[in-house]
Amino acid sequence: MKKMVVKVLEGTSVIVALIVGAFLMNTISVESLLRGKEEPVTLAMTEDGLQEDFIGLPAGDDIPRITSLEDWDNTWAVSCVTIEPVSIIPTGIGARYSWVSAYTNASRRGGARRKADVTRTSFDIMGEYGEYFILQLPDQSYILAQIPRDSARQLKAGKSITLPVGKKDGVHGQVLANIQDLCDEYDVNTEGVFYCINDKWNQSHSLMVPLIRIGIILGTALVLGTILIMIVDKIFKVKD
């Protein structure tokens with residue numbers, strides 16, 4: 001009986017360690033750690049380069065701020081803008097990022113399987129989908145946005161931040177179909193989505209970031225699992 005209890009507790013320890021590892025994997029901002037401190041983008045810089053070179057980078061003081069629904073309506077798709085949101089509302093629905101392959105690797109049992117274009121972000125362990133958020137502007141109106149996880153985390157914690165340089169992008173129709181009721185509840189403008197994720201950087205690090213995420217969960221599971229199992233063995237005085 002004692003051996004059975006120990007085995008159950010040891011198995012539970014491994015599961016707990018994996019859960020903690022998964023939590024840390026989604027809490028630690030791998031992208032921010034790898035990118036480090038970046039130079040803020042000024043308006044003059046955006047006039048001399050391509051829009052894609054600046055999306056997702058820190059916004060300088062003179063980058064236009066979207067403060068009202070009127071500002072948002074007047075924003076062109078080629079404009080580099082930023083937002084200082086009042087609040088954020090998660091929708092729990094995300095669209096697959098452009099740099100993420102549409103197919104899984106082929107298996108021995110058959111060909112590659114196509115990944116969903118849209119999914120619930122609670123299922124997105126590897127960070128392959130950009131969640132749609134509802135942002136409240138200073139004039140109390142609401143718009144849709146796809147923003148970095150680290151920025152979303154700060155806004156959820158009640159911090160006042162300036163989002164990275166972004167652009168007005170098209171709304172994914174399948175996402176909108178899934179969040180329409182929530183958008184109706186908050187009278188959200190759905191004519192566009194504020195997109196401020198650095199696609200170029202993420203594409204160039206599309207292999208490194210997932211490997212680090214996997215390393216975090218496996219490393220945490222190994223260390224914490226070993227400690228918990230040792231504690232269980234000590235409590236029950238299990239001999240080698």
(request) Can you measure from CZ (Phe194) to NZ (Lys167) and round to the nearest 0.5 angstrom? (result) 11.0 Å

(message) Is the terminal nitrogen or CZ of Lys168 (NZ for Lys, CZ for Arg) located under 6.0 angstrom from the six-membered ring centre of Trp72 and within 45° of that ring's axis?
(response) yes

(request) Considering only NZ, NE, NH1 and NH2 on the basic side and carboxylate oxygens on the acidic side, decide whether Arg65 and Asp71 come within less than 4.0 Å. (result) no

(request) Apply side-chain contact (heavy atoms from CB on, under 4.5 Å) to the pair Val232 and Thr12, showing each step before the final yes or no. (result) CA-CA 10 Å; Val232 169; Thr12 303; over 6 Å; no

(request) Using a 4.5 Å cut-off on heavy atoms from C-beta on, say whether the side chain of Gln146 contacts that of Ile197. (result) yes

(request) For atom CD of Glu39, decide whether the heavy atoms of other residues, nucleotides or ligands shown that lie under 6.0 angstrom number more than 12. (result) no

(message) So if I apply the side-chain contact (heavy atoms from CB on, under 4.5 Å) rule between Ile66 and each of Thr82, Asn74, Leu137, Asp73, which one comes out positive?
(response) Leu137

(request) Taking all non-hydrogen atoms of both residues into account, name the closest pair between Thr190 and Cys183 and its distance. (result) CG2-SG, 3.9 Å

(request) Report yes if the side chains of Ile55 and Asn198 come closer than 4.5 Å at any heavy-atom pair, otherwise no. (result) no

(request) Look up atom CG in Asp187 and atom OH in Tyr142, then write down how far apart they are to the nearest 0.5 Å. (result) 10.0 Å

(message) Restricting to non-hydrogen atoms, name the atom on Ile216 and the atom on Gly21 that form the minimum distance, rounded to 0.1 Å.
(response) CG2-O, 4.2 Å

(request) Please lay out, stage by stage, how Asp184 and Gln180 fare under the test side chain to side chain donor-acceptor pair (under 3.5 Å). (result) CA-CA 6 Å; Asp184 291 342; Gln180 188 63 62; 2.9 Å; yes

(message) I'd like to know if Arg96 pairs up with Glu128 as an ion pair, taking the criterion as any Lys NZ or Arg NE/NH1/NH2 lying under 4.0 Å from an Asp or Glu carboxylate oxygen.
(response) no

(request) For Asn202 and Trp99, indicate whether the former's side chain and the latter's backbone hold a donor-acceptor pair under 3.5 Å. (result) no

(request) Indicate yes or no for a side-chain donor-acceptor contact from Thr220 to the backbone of Ile217 under 3.5 Å, with no hydrogens or angles considered. (result) no

(message) Between Val188 and Leu144, is there a side-chain heavy-atom distance shorter than 4.5 Å?
(response) yes

(message) Could you see if Leu224 belongs to whatever hydrophobic cluster contains Ile214? Use Ile, Leu, Val, Met, Phe, Trp, Tyr and a side-chain cutoff under 4.5 Å.
(response) yes

(message) For a quick test of reading the model, state the closest non-hydrogen atom pair linking Phe133 to Ala152 and the distance between them.
(response) CZ-CB, 3.6 Å

(message) Please say yes or no: joined through hydrophobic side-chain contacts below 4.5 Å, possibly via intermediate residues, are Val16 and Ile229 part of one cluster?
(response) no

(message) Within this structure, what is the CG-CG distance for the pair Leu43 and Asp61, rounded to the nearest 0.5 Å?
(response) 12.0 Å

(request) State, with a plain yes or no, whether a side-chain heavy atom of Glu84 is found less than 4.5 Å away from one of Ile161. (result) no

(message) For the backbone of Val193 and the side chain of Asp169, can you confirm whether one donor and one acceptor N or O come within less than 3.5 Å of each other?
(response) no

(message) For a quick test of reading the model, state the closest non-hydrogen atom pair linking Cys80 to Val165 and the distance between them.
(response) CB-CG1, 3.8 Å

(message) Within the 4.5 Å heavy-atom criterion, are His172 and Val118 side-chain neighbours or not?
(response) yes

(request) Check for a donor-acceptor pair, side chain of Asn178 on one end and backbone N or O of Gln174 on the other, with a separation under 3.5 Å. (result) yes

(message) I need the Ile143 CD1 to Leu69 CG distance, nearest 0.5 Å.
(response) 8.5 Å

(request) For residues Asp62 and Ala44, report the shortest heavy-atom separation together with the two atoms involved. (result) OD2-N, 4.4 Å

(message) I'd like to check Leu155 versus Ser87 (side-chain heavy atoms, cut-off strictly below 4.5 Å). Are they in contact?
(response) no

(request) Could you check Ile93 against Arg120 for side-chain contact (heavy atoms from CB on, under 4.5 Å), going step by step and ending with a plain yes or no? (result) CA-CA 5 Å; Ile93 301 295; Arg120 292 193 175 277; 3.9 Å; yes

(message) For Ala116, is there any backbone N or O sitting under 3.5 Å from a side-chain donor or acceptor partner on Tyr129?
(response) yes

(request) Could you tell me which non-hydrogen atom of Pro90 sits nearest to which non-hydrogen atom of Glu131, and how far apart they are? (result) CB-OE2, 3.4 Å

(message) Please check: side-chain N/O of Thr121 versus main-chain N/O of Asp124, any donor-acceptor pairing under 3.5 Å?
(response) no

(message) Leu135 vs Leu163, test: side-chain contact (heavy atoms from CB on, under 4.5 Å). Steps then yes/no.
(response) CA-CA 11 Å; Leu135 298 184; Leu163 291 175; 3.7 Å; yes

(request) Before giving the answer on side-chain contact (heavy atoms from CB on, under 4.5 Å), spell out for Thr42 and Ile63 the whole-Å C-alpha distance, their side-chain angles and the decisive distance to 0.1 Å. (result) CA-CA 6 Å; Thr42 64; Ile63 295 295; 5.7 Å; no

(message) Between Pro164 and Pro148, is there a side-chain heavy-atom distance shorter than 4.5 Å?
(response) yes

(message) Let me confirm one number: the OH-OH distance from Tyr195 to Tyr132, rounded to the nearest 0.5 Å.
(response) 9.0 Å

(request) Determine whether Leu228 and Leu218 fall in the same hydrophobic cluster, where Ile, Leu, Val, Met, Phe, Trp and Tyr are linked whenever their side-chain heavy atoms lie under 4.5 Å apart. (result) yes

(message) Given 3.5 Å as the limit, does a donor-acceptor pair link the side chain of Ser79 with the main chain of Val81, or not?
(response) no

(request) Drop me the distance from Arg213's CZ to Leu24's CG, to the nearest 0.5 angstrom. (result) 12.0 Å

(request) Keeping the roles fixed (side chain from Thr226, backbone from Leu222), state whether a donor-acceptor pair exists under 3.5 Å. (result) yes

(request) Please check if Val223 and Val14 belong to a single hydrophobic cluster, counting links between Ile, Leu, Val, Met, Phe, Trp and Tyr side chain heavy atoms closer than 4.5 Å. (result) no

(request) Kindly indicate whether the side chain of Ile19, heavy atoms from C-beta on, has any atom under 4.5 Å from the side chain of Phe23. (result) no

